[in-house]
Number of protein chains: 2
Amino acid sequence: MEKTNIIKRIVDAGLKKTKYRVNIIDLLEKADNLLSANDIHSILLKENTKVDLSTVYRTLDKLTKNNIINRIELEKENKSLYEYNRKKHHHFMICKNCNKIETIYECPLSEYEEKIQADSNFLITGHKIEFYGYCKDCQKKLKIN
Amino acid sequence: MEKTNIIKRIVDAGLKKTKYRVNIIDLLEKADNLLSANDIHSILLKENTKVDLSTVYRTLDKLTKNNIINRIELEKENKSLYEYNRKKHHHFMICKNCNKIETIYECPLSEYEEKIQADSNFLITGHKIEFYGYCKDCQKKLKIN
DNA sequence: CTCAATGCAAACCGTTTGCATGCTC
DNA sequence: GAGCATGCAAACGGTTTGCATTGAG
């Protein structure tokens, strides 16, 4: 994504444009996997962008609350992970052996939510699914199948 | 559940029968909601069963690994919750307002897993679903609908 | 100029661990 | 008696917070 578009997203959200916000959005937009606050902090330091961890946390918080990025909390991860918000509803598959995370861009639950709602007292507004299993490599490694 | 049955479960799992293991299983079996390590610790103290928090953690760990209880990690809870393992596959609904947790004893994903598997390189062995929304009380309170 | 963003250091909180002692089998 | 379970105190790791300083609009 172009820098100008990143800045537009920040300003459109009513946020101040700062160095770290631009940097972090850029970085997440380019990343092809989920990143933790610590991952992001390390990457920035490696790029000679000196920044405090607490600033990274505060930035991620702001961007999450403004729906520019998503905070993902997965079972067995003791930390939050972040992704650029591409506005496409999706879920994850997690390898129980190597912890690789793959995205599923498809959702089986749209009609089911209505059904559940009819049966319950809850007004359902969303859901989260995680699939567990073994990725291709680990199936081989562990000789599963 | 009778004490003798609890003890049977412990012994059958090849574990030593100890005071706290019996106590904690009993407590979780009777509980009608999910409990945290800290909840359990407090309840035991209140019942005049003096026990260290670290022992509670170690006990919960052992029981989880032996499938006598389940460890549940829900989004937005920064701590693990535990339930007695009734061996029935189920999911949870979480109220975004009051955090009430309700159980859904029904699963929409059994066939879907096969489909996803055909489309991907993963060998899927399980999944987890959380539904978010508003419970009956909070719908009223917040005047939703 | 004002208020929000940042750096720094310290606190927080759930959880884990090392070690000496106690208990179950 | 051997080895696991427990208590105690301390560490751990991700995250948050208070406060003084800097920077964006």
Side-chain angles (χ1 to χ4, degrees), chain A residues 3-4 6-25 34-45 47-66 68-82 99, chain B residues 3-4 6-25 34-45 47-66 68-82 99:
Chain A
K3 281 266 144 79
T4 42
I6 296 180
I7 294 169
K8 188 167 185 311
R9 288 219 63 178
I10 297 174
V11 174
D12 285 356
L15 299 178
K16 282 188 187 167
K17 174 208 140 217
T18 73
K19 184 171 149 188
Y20 302 131
R21 286 175 187 172
V22 176
N23 264 318
I24 289 178
I25 294 174
L34 303 172
L35 299 177
S36 68
N38 200 44
D39 292 339
I40 292 169
H41 186 231
S42 308
I43 294 173
L44 291 175
L45 292 186
E47 293 176 352
N48 292 316
T49 306
K50 206 159 146 288
V51 58
D52 195 75
L53 225 202
S54 69
T55 302
V56 174
Y57 274 107
R58 287 192 264 230
T59 304
L60 291 171
D61 231 59
K62 253 266 123 107
L63 297 178
T64 300
K65 283 186 176 137
N66 284 278
I68 296 173
I69 64 175
N70 299 133
R71 167 183 287 121
I72 317 271
E73 289 165 8
L74 297 178
E75 188 143 346
K76 260 117 211 172
E77 293 281 344
N78 52 337
K79 53 180 179 285
S80 295
L81 301 176
Y82 298 86
N99 296 316
Chain B
K3 282 266 144 80
T4 41
I6 296 180
I7 294 169
K8 188 166 184 315
R9 289 220 61 178
I10 296 174
V11 174
D12 284 357
L15 300 178
K16 283 188 187 167
K17 174 207 140 217
T18 74
K19 184 171 150 189
Y20 303 131
R21 287 176 186 172
V22 175
N23 264 318
I24 289 178
I25 294 175
L34 303 172
L35 299 177
S36 69
N38 199 45
D39 292 338
I40 293 170
H41 187 230
S42 308
I43 293 173
L44 290 176
L45 292 187
E47 293 176 351
N48 292 315
T49 306
K50 208 159 142 289
V51 60
D52 195 75
L53 225 203
S54 68
T55 302
V56 173
Y57 275 107
R58 287 193 263 230
T59 303
L60 291 171
D61 232 57
K62 252 279 115 108
L63 297 178
T64 300
K65 283 186 177 138
N66 285 277
I68 296 173
I69 65 176
N70 299 134
R71 167 183 287 122
I72 318 272
E73 288 164 11
L74 297 178
E75 188 144 346
K76 260 117 209 170
E77 292 281 346
N78 51 339
K79 52 180 181 284
S80 295
L81 300 176
Y82 298 85
N99 297 316

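Chain A is the first sequence line, chain B the second, and so forth, proteins listed ahead of strands; every chain is numbered from 1.
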Check your understanding: Would B:Thr49 and B:Lys19 count as a side chain to side chain contact (heavy atoms under 4.5 Å, CB included) if you check the C-alpha gap in whole Å, the side-chain angles of each, and the deciding distance to 0.1 Å?
Key -> CA-CA 9 Å; B:Thr49 306; B:Lys19 184 171 150 189; 4.1 Å; yes
Check your understanding: Does OP1 or OP2 of D:dT15 have a side-chain N or O of A:Ser80 closer than 4.0 Å?
Key -> yes
Review point. Separation of A:Asn38 atom CG from D:dC12 atom P, in whole Å?
Key: 16 Å
Review point. Who pairs with A:Lys16 by side-chain hydrogen bond (donor to acceptor under 3.5 Å, both in side chains), at least two apart in sequence or on another chain?
Key: none
**Study point:** Interatomic distance, B:Leu81 CG vs C:dG14 P [rounded to whole Å]
**Key:** 11 Å
Point to revise | Rounded distance [0.5 Å steps], CD1 in A:Ile7 versus NZ in A:Lys17 | key: 5.0 Å
Check your understanding: To the nearest angstrom, how far is A:Glu77 atom CD from C:dT15 atom P?
Key -> 16 Å
Review point. Distance only, no hydrogens: is a donor on one side chain within 3.5 Å (strictly under) of an acceptor on the other, for B:Asp39 and B:Ser36?
Key: yes
Review point. What bend angle does the helix from C:dC1-D:dG25 to C:dC25-D:dG1 show across its length, from five-pair end axes and to the nearest 10 degrees?
Key: 40°
Check your understanding: Can you tell me if A:His41 uses its side chain to pair, donor with acceptor, with the backbone of A:Asp52 under 3.5 Å?
Key -> no
**Study point:** Beyond-backbone contact of B:Asn38 with B:Lys79, side-chain heavy atoms, under 4.5 angstrom
**Key:** no
Check your understanding: Separation of B:Tyr57 atom OH from D:dA11 atom C1', in whole Å?
Key -> 15 Å
Exercise for review: Output the single nucleotide from C:dG14, D:dG25, D:dG14 whose closest atom is nearest the side chain of A:Lys79.
Suggested key: D:dG14
Review point. What is the minimum heavy-atom distance between B:Arg9 and B:Ile68, and which atoms define it?
Key: O-CD1, 3.8 Å
Revision key, fill the gap. Separation of D:dG13 atom C1' from A:His41 atom NE2, nearest Å, is 15 Å
Practice item. Determine, stepwise, if the pair A:Leu44 / A:Ile24 fulfils side chain to side chain contact (heavy atoms under 4.5 Å, CB included). Key: CA-CA 8 Å; A:Leu44 291 175; A:Ile24 289 178; 4.0 Å; yes
**Study point:** Atom pair distance, as rounded to whole Å: CG in B:Leu15 and P in C:dC25
**Key:** 11 Å
Exercise for review: Would you kindly give the NZ-to-C1' distance between B:Lys16 and C:dT24, to the nearest whole Å?
Suggested key: 5 Å
Polar atoms only, N or O, under 3.5 Å: list the protein pairs with nucleotides 6-10 of chain C and their distances.
residue, atom, partner, partner atom, Å
C:dT6, OP1, A:Thr18, OG1, 3.0
C:dG7, OP1, A:Tyr20, OH, 2.7
C:dG7, OP2, A:Asp52, N, 3.0
C:dG7, OP2, A:Thr55, OG1, 2.5
C:dG7, N7, A:Arg58, NH2, 3.3
C:dG7, O6, A:Arg58, NH2, 2.9
C:dC8, N4, A:Ser54, OG, 3.3
C:dC8, N4, A:Arg58, NH2, 3.3

Check your understanding: How close or far is atom C1' of D:dG14 from atom CZ of A:Arg71, stated in whole angstroms?
Key -> 12 Å
Review point. For the side chain to side chain contact (heavy atoms under 4.5 Å, CB included) test, which of A:Leu53, A:Thr59, A:Asp61 pairs with A:Tyr57?
Key: A:Leu53
